[in-house]
Protein chains: 2
Amino acid sequence: MVKNKELQESRIRGYFIEAAKETLKGEGLKAVNVRTVSERAGYSFATLYNYFKDLNELVFICVSDFMDDCETSVDEHSARFNPGQERLKARMKATINYFIQYPGIFELFFVERMNDLGSGQPTARTIYEFTDRIVMDDIRHMTGSGEVSSEDEGLLKMNLRNSMAGLLLFYNNRLQPSDYEEFISIVEKQIDLSLRLCVKHT
Amino acid sequence: MVKNKELQESRIRGYFIEAAKETLKGEGLKAVNVRTVSERAGYSFATLYNYFKDLNELVFICVSDFMDDCETSVDEHSARFNPGQERLKARMKATINYFIQYPGIFELFFVERMNDLGSGQPTARTIYEFTDRIVMDDIRHMTGSGEVSSEDEGLLKMNLRNSMAGLLLFYNNRLQPSDYEEFISIVEKQIDLSLRLCVKHT
DNA sequence: TAAATTATATTATCATTGTTCATTTAGTTT
DNA sequence: AAACTAAATGAACAATGATAATATAATTTA
C-alpha cells in the first residue's frame with residue numbers, strides 16, 4: 001500500500017527535521033552536523049541520506065518551519081492591538097524578540113548564505129518577503145487611513161526591513177549593545193524613528 | 001642581530017596576510033583555508049602555525065587591514081564634497097560600494113561571528129564603531145550647523161548604521177534586489193529617508 | 001511456511017579541513 | 001668540520017560531509 005509508505009517516510013523525515021530544529025534552537029547552526037542530528041533523531045548518520053539529499057536540504061526545510069513559528073508568535077503577541085501603528089510596533093518587537101530568543105534561527109535566516117546551488121534561490125526570496133509580510137497588514141491599514149502616503153508605503157517597509165536586519169545582525173553576531181535592556185530601548189527608538197519618517201502628525 | 005630577525009618574521013607574516021587578503025577579496029571566506037593560503041604564500045600549511053596562533057588569528061588581522069582600505073577608498077570618493085549632508089551621502093555610498101565590490105569582506109566584517117574565543121570581542125567592537133566613524137565627521141558638522149538637533153544625532157547615526165548593514169546583508173547574501181542598478185537606487189532612497197527623518201527643512 | 005525480493009538501516013570508507021608534533025633542512029656558532 | 005639553533009615541513013590525528021557496499025528487516029511470492 002503506497003499510502004502507508006508515504007506516511008512512514010514522512011514520519012521519519014519528521015524525526016530528522018525535529019532533531020535539526022531542536023539543535024538549531026538550542027545550540028545554533030554550528031552544532032548542526034550529520035552525526036549529531038542523526039543521533040538525536042535516533043538513527044545512524046547514513047540514514048539521513050536516505051531521506052534528504054544532503055544536510056543543507058534538511059536545514060533549509062527548517063527555515064520554512066521557523067517562519068511559521070515566528071509568524072504564529074508574532075500574531076499572538078500582537079492580537080490585542082488594533083491594526084495600525086501600535087500593532088505594527090508590537091509586531092516588529094515580537095519579531096525581533098523571536099530572533100533574540102533563538103539566535104541560531106536568525107543566523108540561519110539572514111546570515112548563512114543560501115549555499116551554492118539553485119535550491120537556495122527560492123529560499124532567499126522567501127526570507128526576504130517574510131519580513132515584509134510581518135508588517136504588511138498594518139502598513140496597508142495606515143495607507144488606507146491616510147496616515148501614510150502611498151509613496152511612503154514602500155519606504156517605510158524598506159526602512160523597517162533594513163533596520164531590523166541591521167539591529168539583529170549587530171546584536172546577535174556582535175553582542176552590541178551588550179545587554180538586552182539597552183538593546184530593547186534601541187529597538188524602540190529605531191522603530192519610532194522609522195515611523196516618524198513616514199507617518200503624518202504623530 | 002635581533003632587529004633583522006623581527007623584520008624577516010614580519011615579512012613572512014606579511015606573505016601569509018597578503019595571501020589571505022587576496023583570497024578573501026577574490027573567492028571569499030569559504031575559500032580561505034590553511035592549505036590554500038599557505039600555498040599562495042609560498043609555504044607549507046604547517047609553516048602558518050609558526051607565525052600565527054591559528055587560522056582565525058590570520059583572518060582577523062585582515063579585518064583591520066580592510067578597514068583601512070575601506071576608509072581610504074571612502075575618503076577618496078568623498079574628498080570633492082564639502083562636509084555635511086552631501087558628503088555624508090557620498091561616504092555612505094562609497095562604503096556600500098566597497099562592500100559590494102568585495103562581498104567576501106562584508107561577510108568577514110558583519111556576518112562571520114567573531115569566533116568563539118576572547119580574541120573576537122575587541123574586533124567586534126572595532127567593527128561596530130567602524131561604521132560610525134565613516135559618518136561621524138559629517139554628522140558632527142550637521143549638528144554644529146544646526147541642521148540636525150543634538151537629540152537626533154545619535155538616531156541618525158543609528159539608522160544609517162542599521163540600514164546600511166541591512167541593505168548589504170540582503171544584497172550580498174540574498175542577491176536581493178537582483179541587479180546592481182536597482183540596488184543603488186534603493187540605497188539612494190534609504191539614505192535620503194534617513195536624512196529626511198532627522199534633517200530640518202531639506 | 002520457506003524462499004525470493006524489496007526496502008531500509010548501518011558499517012566501512014573516503015575526502016576535506018584544522019591542527020599538532022616529530023623530523024628534516026637550513027643557517028649560525030664554535 | 002662539528003655542534004648547535006631556528007625554521008620549514010611531512011606525517012598523522014580529529015572532526016565533518018558524503019558515498020557505497022553490506023547487513024538487516026519487511027514484504028511478496030511460490
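Residue numbering restarts at 1 for every chain, and letters A, B, ... go by the order of the sequence lines. We use all heavy atoms of the structure for the numbers below, so side chains are in, but hydrogens, waters and symmetry mates are not.
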I need the [atom1]-[atom2] distance between [X] and [N], as an integer number of Å.
X	N	atom1	atom2	result
A/Asn50	D/dG17	CG	P	17 Å
B/Tyr49	D/dA11	OH	P	17 Å
A/Glu39	C/dA9	CD	P	17 Å
A/Gln8	D/dA26	CD	P	10 Å
B/Glu27	C/dT17	CD	C1'	17 Å
B/Leu29	C/dG18	CG	C1'	14 Å
B/Leu48	C/dG18	CG	P	10 Å
B/Glu9	D/dA8	CD	C1'	13 Å

#### Entry: Axis bend over the full length of the helix from C/dT1-D/dA30 to C/dT30-D/dA1, computed from five pairs that close each end, to 10 degrees
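That helix has its two terminal axes inclined by roughly 30°.
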
### Query
Who pairs with A/Lys189 by salt bridge (charged side-chain N to carboxylate O under 4.0 Å, His left out), at least two apart in sequence or on another chain?
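Salt bridge (charged side-chain N to carboxylate O under 4.0 Å, His left out) check on A/Lys189 returns nothing, list empty.
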
### Message
Between B/Asn33 and C/dG18, is there a contact of a side-chain N or O with OP1 or OP2 at under 4.0 Å?
### Response
yes

### Query
Within the pair A/Tyr51 and C/dA9, is there a side-chain N or O less than 4.0 Å away from OP1 or OP2?
yes

Measure from the side-chain heavy atoms of [X] and tell me the nearest of [options].
X	options	answer
B/Val34	C/dT19, D/dT19, C/dT17	C/dT19
B/Ile12	C/dT19, D/dA8, C/dT10	D/dA8
A/Leu55	C/dT19, D/dA8, D/dG17	D/dG17

#### Entry: Side-chain donor-acceptor pair present, A/Asp138, A/Gln85, cut-off under 3.5 Å
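Per modelled atom types, A/Asp138 and A/Gln85 side chains form no pair under 3.5 Å.
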
### Query
Does a salt bridge link B/Arg40 with B/Glu27, judged by any charged N lying under 4.0 Å from a carboxylate O?
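Salt bridge present between B/Arg40 and B/Glu27.
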
With sequence neighbours excluded, what pairs up with [X] under the side chain to side chain contact (heavy atoms under 4.5 Å, CB included) test?
X	value
B/His141	B/Pro83
B/Glu182	B/Pro177, B/Asp179, B/Ile186
B/Tyr49	B/Val34, B/Asp54

### Task
Please evaluate the base of D/dA18 for a donor-acceptor partner in the side chain of A/Asp54 within a cut-off of under 3.5 Å?
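When only heavy-atom distances are counted, A/Asp54 does not reach the base of D/dA18 through any donor-acceptor pair under 3.5 Å.
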
### Query
For the residue pair A/Phe66 and A/Tyr98, is the inter-centroid distance of their aromatic rings smaller than 6.0 Å?
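Not close enough - the centres of the two rings lie 6.0 Å or further apart.
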
### Task
Using a heavy-atom cut-off of under 4.0 Å over every strand shown, decide if A/Phe52 touches base, sugar-phosphate, or nothing.
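Result for A/Phe52 = nothing.
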
### Task
Name the nucleic acid region contacted by B/Val32, choosing base, sugar-phosphate or nothing; use a 4.0 angstrom heavy-atom cut-off, strictly under.
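Counting heavy atoms under 4.0 Å across all strands, the contact made by B/Val32 is with sugar-phosphate only.
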
### Task
Could you list the residues that satisfy ring-ring contact (aromatic ring centres under 6.0 Å, His included) with B/Phe183, not counting sequence neighbours?
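B/Phe183 satisfies ring-ring contact (aromatic ring centres under 6.0 Å, His included) with B/Tyr171 only.
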
### Message
My understanding is that only residues two or more places apart in sequence, or in another chain, count here; which of them pass ring-ring contact (aromatic ring centres under 6.0 Å, His included) with A/Tyr51?
### Response
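Result, ring-ring contact (aromatic ring centres under 6.0 Å, His included) vs A/Tyr51: none returned.
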
At a cut-off of 3.5 Å, list every protein nitrogen or oxygen paired with a nitrogen or oxygen from nucleotides 11-14 of chain C, distance to 0.1 Å.
none

### Message
Could you work out, with side chain to side chain donor-acceptor pair (under 3.5 Å) as the rule, every residue matching A/Ser145, not counting sequence neighbours?
### Response
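Side chain to side chain donor-acceptor pair (under 3.5 Å) list for A/Ser145, sorted by chain: A/Glu147.
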
